[in-house]
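The structure appears below as structure tokens.
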Amino acid sequence: MRNGRDMTMVPLPATIIGRKELSADTTLYRLTLESSEKDRFDFNPGQFVQLSVPSGGEVPLSLAGPPLLHYSFELCVRRVGHVTDMLHHLLPPNRVGVRGPFGNGFPLSEWTGRNILLIAGGLGIAPLRSLLYALLMRRGEFGEITLMYGAREPSAILFKEELAELSGRRDMHLFLTVDFATEQSPGGLACNTGLLPTLLRGVNFSTTGTVAAVCGPPALYRCLLEELQGFGITAEHIYLSLERRMKCGVGLCCHCAVGDLFCCSDGPVFRYSQLKGISGAI
Amino acid sequence: MNSVLEISPLTRVEGHGCINVLFAGTKVEKVSLSLYESPRFFEALLKGKSYSEVPEIICRICSLCSTVHRICSLLAIEKALDLRVSEQARLYRELILYGGHIQSHALHLFCLVLPDCFDVAGLSGLADKAPQELKRWLQIKAAGNLIQETVGGRTIHPVTLIPGGMGKPVNREGLLKLKESLQRVLPETRQAYELFRSFLPNGDKLATPRYVSVRPEGAAPFLGDSLTMGNGETIPVDSYKNLLREQMAGTGNAKTILVKDEPATVGALARLNLGMPLTPMAATAFEESRMLLTNADIRANNLAQAVELILAVERSLEIVDILLKADFTREEPAGIVPKKSRGSAAVEAPRGVLIHSYSFDGRGICRGADIVTPTVINQAAMERDLLALATHMEGADDEELTDALERLVRAYDPCISCAVHVLRI
Amino acid sequence: MKKPIIAIAGLTACSGCQLTLLNCEEELPEIAQRFIIDYFPLGLTERLITGPIDVAIVEGAVSTPSDLEILMKLRNSCRCLVALGTCALWGGIAAMKNQESRKDLAGTVYGSAADELKTFNPQPLHRFVKIDFAITGCPPEKGELLATLAALLRGTFPVFPRYPVCSECRSRENLCLLIERNEMCLGPLIQAGCNARCPAVGIRCEGCRGPVTEANVAAEMELFLKKGFPRDEIVSRMQRFYPEWNYEQRS
Amino acid sequence: MTRNLLKHDSIADFLEILATFGELHGPVLTDVGVSAFRPLGPGIDLLLDYSRTLVPPKKYLLPPRDTVLFFATDEGYRQPAAAVPETILVGLHPCDLQGIAYLDKVFMRDRIDPLYRARRTALTLIGLSCEPDEYCFCGDLSATETHGCDLFMRRSPCEFHLRSNTPKGKAILDRLTPILAEGEPLPADSRTCDMAAAIQQASVRGETFEKSALWDEFAGRCLSCGACSLCCPTCYCFDIREYGALDGETTMRLREWDNCLFKDHGEVAGGFNFRKSRQERFHYRYQHKYLGFGPTRGIVSCVGCGRCRVVCPVGIDLLELFKESEDEKRP
Ligand SMILES: Cc1cc2nc3c(=O)[nH]c(=O)nc-3n(C[C@H](O)[C@H](O)[C@H](O)COP(=O)(O)OP(=O)(O)OC[C@H]3O[C@@H](n4cnc5c(N)ncnc54)[C@H](O)[C@@H]3O)c2cc1C
Ligand code: SF4
Ligand code: SF4
Ligand code: SF4
């Protein structure tokens, strides 16, 4: 309960303070809760919020920026339907509503000392970007950090400038791939062509004591998980972030169950070992 | 030099129609009214359908008159199949019929005609010029719709009325709500009548109409089993074809009808002139305006409709009271045994005489249907009056003429959707 | 807020959908204030479609060259086109016998004069132009029409539920006419939104809102047949508002 | 000896006294012949020997369609402030009491839903014993007369034995004393039901009947009409929709009953569906009813009221799964 309002049930007013188009259909928003609530917004990478666009409705969106970003937070949204469409018509300083953060997020503290492999497909980069910045903020605690990011085509690569910067860093490895190469250049970035599993097989990264965090569309999981285990990363150490239909975000509406787990409250981040026996989970 | 003034589409009337005025120099040569509504072949659609489907399909002929089409078809079917409905069903039908008249007259008067009186193009103009009044008048319309919704289950294409009876009766609460809303708008209907009295058009008189209506029986003004022309001549509904002679119109998709080789006029003005029974307030209004209404041309029809608004609200109140006292519970509709048969019925629709006539085979499947709508009956008179008016106005500019001719059409309150589905199979 | 410019037109229909708008007595004055109504022959003396129009709301099916002309004119001058009502969305009552020859139908009604009629099988709007949104119903529900207008003020369309009439019928605690009275109620196959109007007054659903997305047509057919209804009667009833059922569909 | 006997002919007085505690609701036969919970009042007969209502009493806690939030540009989102009237629900069968007890677990234990809580707090429950018919299978699943209700009425041939379970119930009982007679408390009902037992065992085993041919058979017949879950006392899946008003400023957010057997229950943007086939959706329903999700994991939420079997137009009955497996066990 904050300021007399219950943020798990009633969206708090938030203001759009920044907006940046990342691709034809995807935009990064920076939001801030209104003054009295500002300092209260802390989260784990992998958690999500329920964002309300008045008279449109509410959608779950991953927190895409580093935690504790000066009283604000970032969301990376793809325009796919009713609510996201209305959101794309909003500009600073329009107001929206926010509930959350919800879900578990990635268990960073359990990863101390390990090599970390992040694999993002498409929009899956949103939560993993948050995770990556959190890892880099505590860089000393982890071993090798590798990000593999695949997009459909060069124009669909999100966060190009940031990636360019990251590629210059010595304390992490970055590999990019696109499904189809087109004329367009990926903005000066070194980029492979082919699906993510191909990339995985083609580059070097540490596989011992490694945890993998994967986020992308269901099709990605289906082809990637066996590969990862082939590299000796056990199901126990593969973390996936799942998407499901969600209406409440807090385990009430019952749309998001995966087996007997709720994606919203038991997840959205699961160890692969949790999901293995569940049909339809992936 | 010949020239043509085309008024297309006719606006603020139901359905699609247009007027063409043909000039030879400045002289009006000819005026044609065509109703070019897309034909939906209702009579053909009904062929092969069970009697139980007929009312549900046929009410879709027209939204403004869906209730009265439904009732007329029920009456024709029940006549064919020798069905008697209970007092309860009879009362509910009568009540919803008034609901239909109220909403249709109110729509026509307040949404389609009134902009003319206030010299605006339409509703938005009215909302600007007379916002408070508009709200009050729309309340009258809402009261009519409340009857439709409460009794019929829906404001347009009501659903409760079926051959042999009806679905669930309205509960006490619903009836009381109806009563309250009707009582609230009754004084408003009187005001509306005064408003339309003040807008009566002047100018050269057009032909005095030859009126036809359903001959009222008992206290119910819009129902009866025969047609009358006022000169004492009546014929039973079953032989309506002896009175109404059809001919295919030159243009457009509707047929026209002549009565004894002359155009006939049906509708509110006809009903008032042919002695329809009136309720107290309506009778007073009619008395006050007797001169304006009995010795008039069709342009007095809108005032007649306003008188009928009073009538329909008053009579509805009477029936609601009867229903409240009777406290009916749900009854099963009369059992139906289909048989080879034929039946015709007539009802006064808001725009005038409406006739449905069906024949069924032994399984109750519709083998033939004929529907005569008031707009079709009125069409010949409408053309006659349009020509007369245009001729009176020779020399007027196009805009003025357009305006006057459209107003004349609106006085008839045509319903073009209904009009184009006429002819026997 | 910028006032949206709208046009409202009727093609082959009974005007019921347009009347539904005029039946919003409470809201009409507000609508007249919040929208610029540019073209609306039923309610406005304005004969020309001039454009540009934000939203054109079209009632009725297309069955004549002049219908098509109006439709094309509107499509070309508007940003969004809304199909209003069952006729515009599914073909509706006039299309129920589309599988029969149009010529024969015309002949039945107009005799030899039929040849002069320029008309073809009534078709839903989407056969000719792209539609951006649809409000179903014969006639449509006031509430859905108003919700759509309200959404248009905000530059969007509303989201309506996609379950069948039965869902609303059960939550209203009606007597199930299909189970309890063995009537041919089409509720399970029909798009909800009417709050089960007909069953609520004891009349089986006649299907005026057209098919629900997820309809087990085959199983419903089997059920009706098991209850003893002849197949031709079932088909005749089902086609009243929508002639193109896929009787094999199960999901 | 306590005063706890209510003679059948004192029912009218009983109801009159109850009505002083709040709005009185109970099962009645509606004008169309459906058993339903409705307000009671003069001239409305309370059903005392009904089998089950069509819609369970969950509608008092989670109405079929409910406005959960308002939005106005100047004040943001807020919950409706309307006060919930004190309501006395009389005549609830043990299965329905059990159903409410389950919903309480969902909406008032781990996550508190303020609207639910407000309504629940204003609700007084008065249970009533019943005789099972051929559709019921509650058995010991709901030998819970004592749980969840404030006052319970056990019927015997010429009287009801009343027992209060909560302070609220006690207060009502005290007020009733003048019209009660003295009697012995009845021993607890010890009805058992094989089906209920079979369900419990299957649930404990974590049974999923993965191999059963019935799933396909169900899926082929199901009309997706939604009746089974709308009428289930423990189905509570909901959907949320939001509609702006014509004023261009205000908005309402609605919560509405949803159904896991509907295709779009598992559909996400772009049309991807996590439960595309009806078979998968039946499995989902089974999982929720008999095995549980998240915080209700391991709790059988079916209370054996039999509604889903009664209201299905094509006679689908999930119990056939359990029967089938029982049959298999028999030689
Ligand atoms: C935990 C989580 C994190 C997410 N993070 C992001 C993110 O960072 N960026 C991003 O762009 N998208 C993200 N999504 C997906 C995003 O929620 C959907 O794209 C969004 O809900 C689409 O809504 P819409 O109204 O625009 O689309 P529509 O196509 O109009 O709506 C899709 C339909 O699916 C329903 N729906 C309900 N829940 C979901 C859901 N979870 N996903 C999709 N549809 C849903 C809607 O109510 C509607 O019925 C995430 C989803 C989840 C579950
Ligand atoms: S009456 Fe019709 S709509 Fe209602 S539940 Fe039964 S089948 Fe469905
Ligand atoms: S119940 Fe059926 S026929 Fe009646 S309004 Fe609803 S969809 Fe139309
Ligand atoms: S699953 Fe069926 S029997 Fe069990 S509680 Fe729900 S409706 Fe009753």
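Note on naming: letters A, B, ... go to the chains in the order of the sequence lines (proteins, then strands), and numbering restarts at 1 for each one.
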- Task: Answer yes when D:Glu249 and C:Arg154 have at least one side-chain N-carboxylate O distance shorter than 4.0 Å, and no when they do not.
- Result: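 Looking at C:Arg154 together with D:Glu249, the answer is no, because their closest N to O distance does not fall below 4.0 Å.
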Report yes or no: does [X] contribute a side-chain atom to a donor-acceptor pair with the main-chain N or O of [Y] at less than 3.5 Å?
X        : Y        : answer
D:Arg241 : C:Pro158 : no
C:Ser251 : D:Arg278 : no
C:Asn216 : D:Gly220 : yes
C:Glu173 : D:Ala36  : no
C:Arg34  : D:Leu246 : yes

From [X] atom [atom1] to [Y] atom [atom2], the distance as rounded to the nearest 0.5 Å:
X        : Y        : atom1 : atom2 : value
C:Leu146 : D:Tyr243 : CG    : OH    : 13.0 Å
D:Leu230 : C:Glu168 : CG    : CD    : 10.0 Å
C:Leu189 : D:Leu223 : CG    : CG    : 7.0 Å
C:Gln33  : D:Asp247 : CD    : CG    : 12.0 Å

Report yes if the side chains of [X] and [Y] come closer than 4.5 Å at any heavy-atom pair, otherwise no.
X        : Y        : value
D:Lys263 : C:Thr213 : no
C:Glu180 : D:Val34  : no
C:Arg170 : D:Leu54  : yes
D:Phe262 : C:Pro161 : no
D:Trp257 : C:Ser167 : no

- Query: Does C:Glu26 CD have over 12 foreign heavy atoms under 6.0 Å away?
  - Reply: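 At most 12 heavy atoms, drawn from other residues, nucleotides or ligands, come within 6.0 Å of this atom.
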Chain D contact via [X] - side chain, backbone, both or neither, heavy atoms under 4.5 Å:
X        : result
C:Arg250 : both
C:Leu175 : both
C:Ala147 : side chain

- Which region of D:Leu254, side chain (C-beta onward) or backbone (N, CA, C, O), has a non-hydrogen atom less than 4.5 Å from a non-hydrogen atom of chain C, or is it both or neither?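 When you check distances to chain C, no heavy atom of D:Leu254 falls under 4.5 Å.
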- Message: Minimum heavy-atom separation for D:Cys225 and C:Pro188, please, with both atom names.
- Response: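 Residues D:Cys225 and C:Pro188, closest heavy atoms: CB-CB, 4.5 Å.
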- Task: Looking only at non-hydrogen atoms, find the nearest pair between D:Pro313 and C:Leu178 and report the distance.
- Result: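 That closest heavy-atom pairing would be CB-CD2, 4.0 Å.
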- Task: With chain D as the partner chain, list the residues of residues 220-249 of chain C whose heavy atoms fall under 4.5 Å from it, by residue number, and write 'none' if nothing qualifies.
- Result: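 Residues C:Glu220, C:Leu223 are the ones that qualify, each having a heavy atom under 4.5 Å from chain D.
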- Message: Can a side-chain donor-acceptor contact be found between D:Glu256 and C:Tyr163 if the only test is distance below 3.5 angstrom?
- Response: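 On atom types as modelled, these side chains qualify, holding a pair under 3.5 Å.
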